[in-house]
Amino acid sequence: MVNYDLIIKNGTIVTADSIVQGDIAVKDGKIKEVSIGKPLEATADKEINAEGLHILPGLIDTHVHFNEPGRTEWEGLETGSKSLAAGGVTTFFDMPLNSTPPTINKANLELKSSAADKKSIVNPRFWGGLVPENIDDLKELHENGVIGFKAFMSPSGIADFNNVDDETIYKGMKEIASLGSLLAVHAESTVITDQLAKEKQSQGKTTARDFVESRPIISEIEAVRRVISYAEATGCKLHIVHASSRKVVQVINEAKQRGVDVTVETCPHYLSLTVKDLEEKGALAKCAPPLRDEEEVEDLWVAIANGEINVIASDHSPAPASMKKITDNYFEGWGGISGAQSTLNIMLTEGHFKRNLPLEKIVELTATNPAKLFGLSTKGTIAEGYDADLAIVNLNESFELKNEDLFYRHQHSPYVGMTFKGKVKTTIVGGKVVFENGKPIQK
C-alpha cells in the first residue's frame, strides 16, 4: 500500500472549475493523488479529517509591503508571512518599496530574498522596481527572478523610491517588453492630485471627504489611459494595481477589447469599506487611491461578477500606530491599509455570503488567475502534480476580528470589529502545515 506524507480526507475540494467531495494525497510537497467520490486506499504519516470543511488552493497575494530589510519596525517577513498563513495565503509577491534599500537592483533583491528564505513561513516572490535611475538594472533583476516590475506614476511617499516621469515609464516599458516581463503600475495623475490637494488645504478643507475629493476617480482614469497608450506603443504587458472604481476597470476592459495586454487588480478594502469608514476609523482606513462611496463598492462587485477584474490582492501596507494618527487634517497621517490576513474573510463574507459570489470565482480571483498571469505553473489549483499549497476553511464558522487575532507587527486594521463568516482552520505550504488551531507554526 502506498504511503504518503499527508492525506486530507473527506473534504469539499474547490477549484475555479468545480466543487467536489474527495481526498487529497501529498508527497514531497506535491499533490500526488486526488480521489473523487471514493476514499484513498493509502496510508500517510499525517492525516487531516476535513469532513464538513472546504479545501481551497492557497491564496496568492500579489501585492504586499513587508518592508524588510530596513523598515522592519513597520512590518517584517516573519510577522507578515504569519498573518498571511492565518488568512489562507500560501504565496506572496513583496513590493519593491518601503524596504530600504528598495528592490531596484540585483544586490538589493538578494538582501530581501535572503531574509525571506530565513523568515517567511509561506512562499515568497518579489517585484522589482522601475524608477528613473534603474532602467539599466531591469534585465539583471529579471534574470534573477523578479515576478515583474512596479512603478508609481505619482509620488510613492518613500524618499528612496522615485515615481516615474513619462519618458522613464516609456523607456522602461520598452525594456520590460523585450524581457517578456510585465509592468504593474500605481496609476494616479500627479497633476490632478497635487493641484486639488493644494486647493483644498489652502481653503482649510482637510476633512476625510476633502482628502478623497483631492484624489478623484478621474485621476486614476487619466493615468490609466496614459499608461495604456504606452503599452500599445511598446507592446509591454501591463497590470493596473488597486483600481478603486469600476469606471477605471471599464477603461481597462475597453483596451483589452482592442488587443492591449492589460490586466487589473482590486483590493478587499475597496470591496468592503467606504468614505464613511475613513471618517470613523481615521488613518487606519486611509489609502491611495482612497476609499470611495457605497455605490462604487457595489459597482466593483458587479465588475467581479461579470469577469471584468483579474485579481484580488490585499495591498497590505502597514505602519506603526504612531504614523496612523489623524486629528483634523486628513492630508496628514500615513496612508496604507493593513489587511493581508483578511482577504479571504472579506471575499467569503461580502462576496459569497452577502452577494452570492460563487466559491469557484473566489478561487479564480485569488489563486488561479494570479498563478496564470505570473507564470506560476504549479500553483493556483488542486490537481495532481501541483504544489500542495492549500487552505482548509470552515464556511459555517463566524467570528469577530479582534486586535489580538492579528499576527502583524502592529495589531491594528480597519477590519477589526467586523464579523466574518468563514474561518481558516489549516494552511498548508508545500505539504507542510504552517497554520493550525489558530496559530502559525514557526519556521
Side-chain angles (χ1 to χ4, degrees), residues 4-15 19-26 29 31 34-35 39-40 44-61 79-92 121-123 268 312 314 339-353 359-360 362-363 366-367 379-382 386-402 404-408 413 415-416 418-443:
Y4 293 109
D5 297 330
L6 170 68
I7 291 177
I8 307 169
K9 288 183 169 290
N10 308 315
T12 302
I13 300 168
V14 186
T15 69
I19 301 177
V20 295
Q21 291 292 125
D23 298 349
I24 300 169
V26 175
I31 298 170
V34 180
S35 181
L40 277 170
D45 298 340
K46 179 180 176 67
E47 285 194 6
I48 297 174
N49 184 4
E51 187 172 1
L53 305 177
H54 285 69
I55 309 168
L56 282 59
L59 278 69
I60 300 171
D61 193 335
T79 51
S81 67
K82 285 179 177 179
S83 69
L84 289 176
V89 180
T90 54
T91 300
F92 68 86
I121 66 170
V122 303
N123 302 305
I312 305 293
S314 70
Q341 193 167 316
S342 302
T343 296
L344 183 57
N345 296 138
I346 289 162
M347 294 305 294
L348 290 172
T349 304
E350 294 291 322
H352 180 63
F353 289 110
L359 293 174
E360 299 97 320
I362 293 174
V363 166
T366 61
K379 298 188 185 296
T381 193
I382 299 173
Y386 279 74
D387 295 343
D389 294 348
L390 306 165
I392 303 176
V393 183
N394 186 346
L395 292 188
N396 297 316
E397 186 171 350
S398 297
F399 68 100
E400 180 185 334
L401 185 67
K402 300 177 181 177
E404 56 265 31
D405 297 329
L406 298 170
F407 293 98
Y408 308 141
S413 169
Y415 305 130
V416 167
M418 293 175 68
T419 297
F420 295 115
K421 187 174 182 182
K423 189 167 188 179
V424 175
K425 307 303 289 184
T426 305
T427 303
I428 297 166
V429 175
K432 297 185 183 300
V433 174
V434 298
F435 179 84
E436 195 171 38
N437 299 321
K439 295 181 180 179
I441 296 171
Q442 185 68 43
K443 189 168 184 178

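As a basis for the values below, the full set of heavy atoms in this structure was taken, side chains included, without hydrogen atoms, waters or symmetry mates.
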Between [atom1] of [X] and [atom2] of [Y], what distance do you get to the nearest 0.5 Å?
X	Y	atom1	atom2	result
Ile13	His54	CD1	NE2	11.0 Å
Lys46	Ile7	NZ	CD1	12.5 Å
Leu84	Lys82	CG	NZ	12.5 Å
Leu56	Met347	CG	CE	11.5 Å
Asn10	Asp23	CG	CG	5.5 Å
Ile362	Ile346	CD1	CD1	11.5 Å

Under 3.5 Å, side chain of [X] to main-chain N/O of [Y], donor-acceptor pair present?
X	Y	answer
Asn394	Asn396	yes
Ser81	Val122	no
Asp389	Gly58	no

- prompt: Leu401 and Asn345: side chain to side chain contact (heavy atoms under 4.5 Å, CB included), yes or no, with the steps?
  reply: CA-CA 10 Å; Leu401 185 67; Asn345 296 138; 5.8 Å; no

What is the minimum heavy-atom distance between [X] and [Y], and which atoms define it?
X	Y	result
Thr79	Tyr408	CB-C, 4.1 Å
Ile60	Ala367	CD1-O, 3.5 Å
Gln341	Phe407	OE1-N, 3.1 Å
Pro57	Ile382	N-CD1, 3.6 Å
Leu395	Phe353	O-CZ, 3.3 Å
Leu344	Gly87	CB-O, 3.7 Å

- prompt: Of all residues at least two apart in sequence or in a different chain, which pass the side chain to side chain donor-acceptor pair (under 3.5 Å) check with Ser35?
  reply: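 Ser35 satisfies side chain to side chain donor-acceptor pair (under 3.5 Å) with no other residue.
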
field: Pairing residues for Thr366 by the side chain to side chain donor-acceptor pair (under 3.5 Å) criterion, not counting sequence neighbours
entry: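 Partners of Thr366 by the side chain to side chain donor-acceptor pair (under 3.5 Å) criterion come out as none, since no residue qualifies.
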
Close side-chain approach of Asp387 and Lys379, heavy atoms under 4.5 Å: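 When only atoms from C-beta onward are counted, Lys379 and Asp387 do touch, with a gap below 4.5 Å.
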
query: With a 4.5 Å heavy-atom cut-off, do Leu359 and Leu348 have their side chains touching?
result: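 Yes. Closest side-chain heavy atoms under 4.5 Å.
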
- request: Take Thr343 and Leu59, measure what side chain to side chain contact (heavy atoms under 4.5 Å, CB included) needs, and give me the verdict at the end.
  value: CA-CA 9 Å; Thr343 296; Leu59 278 69; 4.1 Å; yes

- request: Go through the steps to decide whether Val416 and Leu406 satisfy the test side chain to side chain contact (heavy atoms under 4.5 Å, CB included), and finish with yes or no.
  value: CA-CA 9 Å; Val416 167; Leu406 298 170; 3.8 Å; yes

Please report, to 0.1 Å, the donor-acceptor pairs under 3.5 Å made by any side chain of residues 427-436, with sequence neighbours excluded.
| from | atom 1 | to | atom 2 | distance (Å) |
| --- | --- | --- | --- | --- |
| Thr427 | OG1 | Ala85 | O | 2.6 |

